[in-house]
Amino acid sequence: MKQLAGVLAVVTCLGTAHAGEVQVAVAANFAGPMEKLAEQFQRDTGHKAVVASGATGKFYAQIRNGAPFEVLLSADDETPARLEAEGHAVARSRFTYAVGRLVLWSAKANYVDATGAVLKTGDFKHLAVANPKTAPYGAAAVAVIDKLGLTARLQPRLVQGENIAQAFQFASTGNAELGFVAQAQVWRDGKFTAGSGWLVPATMHAPIRQDAALLTRGAKNPAAQAMLDYLRTDKAKALIRAYGYEV
């Protein structure tokens, strides 16, 4: 038995000997799912994902300036393509890992109806949005407001967050009665986790295709490639769908 235990110990060590670490830049809207995915990824592969979340536009600037990220999970499909064209991402490594949905949401129950009429009829003072210049969800929110013909009316009420996480924070704390947030922040297993919301029709703004890319700093890191491969597994896709994304 002792001999068998010794053999098993050696096998275990060999199985984890090549486990590595990968530095992942994650769009703020995907921070929640990524937390769960990172746990699963480490359990299933032995590799550890070190995650930083924030605005995609800021990550773009940081990566160009030498930030040590190895994988980017973007909030759009344009940024990874731009990084690839500029030589900061590995050619043909890009793929869409999720398609996001925009939600008009309030922490108050029964405040937002299923058509978003509160934007026209409500007496709210503040509407939170992410910075449209750096956050794709912010750009989508501005497009929806414009399509509804409410830009001039709502402009004075807009409270701008640095990214979608901050926009959600404004709405969830009540500092803004309403906020355009990512569905993933307020949705789990087919329903809102709290408050009330309007799932904005995808036809009202450009598709929020969220692409992943292997960055040049991660080209020789097996853990980086393993992370991208893991995102394509059925297990990972099921988790991503549970947060309201399309895959």
Side-chain angles (χ1 to χ4, degrees), residues 15-16 18-54 56 59 69-77 79-80 90 92-105 114 135-137 140 163-165 168 172 180-203 205-215 218 221-247:
T16 58
H18 299 293
E21 191 171 279
V22 53
Q23 304 288 328
V24 188
V26 179
N29 74 86
F30 201 71
M34 188 60 204
E35 183 179 348
K36 300 296 184 184
L37 278 169
E39 293 172 2
Q40 286 187 182
F41 175 66
Q42 186 163 3
R43 274 199 309 270
D44 294 344
T45 70
H47 297 303
K48 180 180 179 182
V50 179
V51 178
S53 63
T56 292
F59 280 138
F69 298 121
E70 297 170 298
V71 167
L72 171 66
L73 302 188
S74 180
D76 63 5
D77 56 358
T79 300
V90 176
R92 296 179 295 280
S93 68
R94 291 180 288 122
F95 66 95
T96 300
Y97 67 92
V99 179
R101 294 295 301 273
L102 185 70
V103 169
L104 177 69
W105 182 80
Y137 280 81
N163 51 48
I164 198 67
F168 172 68
S172 63
F180 276 106
V181 302
Q183 183 181 0
Q185 294 170 308
V186 296
W187 189 269
R188 211 69 83 248
D189 298 320
K191 61 183 180 180
F192 287 108
T193 55
S196 54
W198 168 46
L199 183 57
V200 178
T203 54
H205 55 79
I208 306 175
R209 292 191 183 92
Q210 303 193 194
D211 277 12
L214 177 64
L215 302 176
N221 182 359
Q225 185 59 59
M227 168 54 72
L228 293 175
D229 292 341
Y230 193 77
L231 286 169
R232 292 185 172 99
T233 65
D234 290 341
K235 188 174 183 179
K237 288 179 180 180
L239 189 151
I240 293 169
R241 287 192 189 98
Y243 280 82
Y245 293 97
E246 297 172 10
V247 180

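In this chain, numbering begins with 1 at the start of the sequence shown. Because the structure is a prediction, the values reported are computed rather than measured.
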- Task: Would you tell me whether N221 and Q225 have side-chain atoms, one donor and one acceptor, within less than 3.5 Å of each other?
- Result: no
- Hey, does the side chain of H47 reach the backbone of G20 with a donor-acceptor pair shorter than 3.5 angstrom? yes
- Query: Counting heavy atoms not belonging to K235, are there more than 12 under 6.0 Å from its NZ?
  - Reply: yes
- Task: Could you tell me which non-hydrogen atom of N29 sits nearest to which non-hydrogen atom of A184, and how far apart they are?
- Result: O-CB, 3.9 Å
- Query: Atom CE in M34, atom CD in Q40: separation rounded to 0.5 Å?
  - Reply: 10.5 Å
- Message: Once rounded to the nearest 0.5 Å, what's the spacing between atom CD1 of I240 and atom CG of L231?
- Response: 5.5 Å
- Task: Can you measure from CD (E39) to NZ (K48) and round to the nearest 0.5 angstrom?
- Result: 12.0 Å
- Item | Considering all heavy atoms, the nearest A140-I208 contact | CB-CD1, 4.0 Å
- Residue pair Y245 / A98: nearest heavy atoms and the distance that separates them: CD2-CB, 3.8 Å
- Item | F180 CZ to W198 CH2 distance, which is reported to the nearest 0.5 Å | 6.0 Å
- Are any of the side-chain heavy atoms of V103 and F192 separated by less than 4.5 Å? yes
- Message: Are the side chains of V24 and E70 in contact, using a 4.5 Å heavy-atom criterion?
- Response: no
- Item | Shortest non-hydrogen contact from T56 toward P136 | CB-CD, 4.3 Å
- Message: Please check: side-chain N/O of W105 versus main-chain N/O of Q185, any donor-acceptor pairing under 3.5 Å?
- Response: no
- Item | Point-to-point distance, once rounded to the nearest 0.5 Å, from CZ of F41 to CG of D229 | 9.0 Å
- Side-chain donor-acceptor contact under 3.5 Å, D44 with Y230: yes
- F95 six-ring centre to R232 NZ/CZ under 6.0 Å and within 45° of normal: yes
- For the pair L37 and L239, evaluate side chain to side chain contact (heavy atoms under 4.5 Å, CB included) and give the outcome as yes or no after the intermediate values. CA-CA 8 Å; L37 278 169; L239 189 151; 4.0 Å; yes
- Message: Which residues pass the side-chain contact (heavy atoms from CB on, under 4.5 Å) test with S53, not counting sequence neighbours?
- Response: A31
- Starting from the C-alpha separation in whole Å, work towards a yes-or-no answer on side chain to side chain contact (heavy atoms under 4.5 Å, CB included) for T79 and L72. CA-CA 9 Å; T79 300; L72 171 66; 4.3 Å; yes
- Message: For a quick test of reading the model, state the closest non-hydrogen atom pair linking Y137 to R101 and the distance between them.
- Response: CE2-O, 3.6 Å
- Apply side chain to side chain contact (heavy atoms under 4.5 Å, CB included) to the pair R188 and Y243, showing each step before the final yes or no. CA-CA 5 Å; R188 211 69 83 248; Y243 280 82; 3.1 Å; yes
- Item | Pairwise side-chain contact, Q23 with E21, heavy-atom cut-off 4.5 Å (strictly under) | yes
- Message: L73 vs Q210, test: side chain to side chain contact (heavy atoms under 4.5 Å, CB included). Steps then yes/no.
- Response: CA-CA 7 Å; L73 302 188; Q210 303 193 194; over 6 Å; no
- For a side-chain contact (heavy atoms from CB on, under 4.5 Å) with V22, tell me which candidate from L228, L214, V71, V51 qualifies. V71
- Query: So, does S74 use its side chain to make a donor-acceptor pair with the main chain of D77 at under 3.5 Å?
  - Reply: no
- Note on the structure: Of all heavy-atom pairs linking G46 and A19, the shortest is O-CB, 3.3 Å
- CG on D76 to OG1 on T96, rounded to 0.5 Å: 10.5 Å
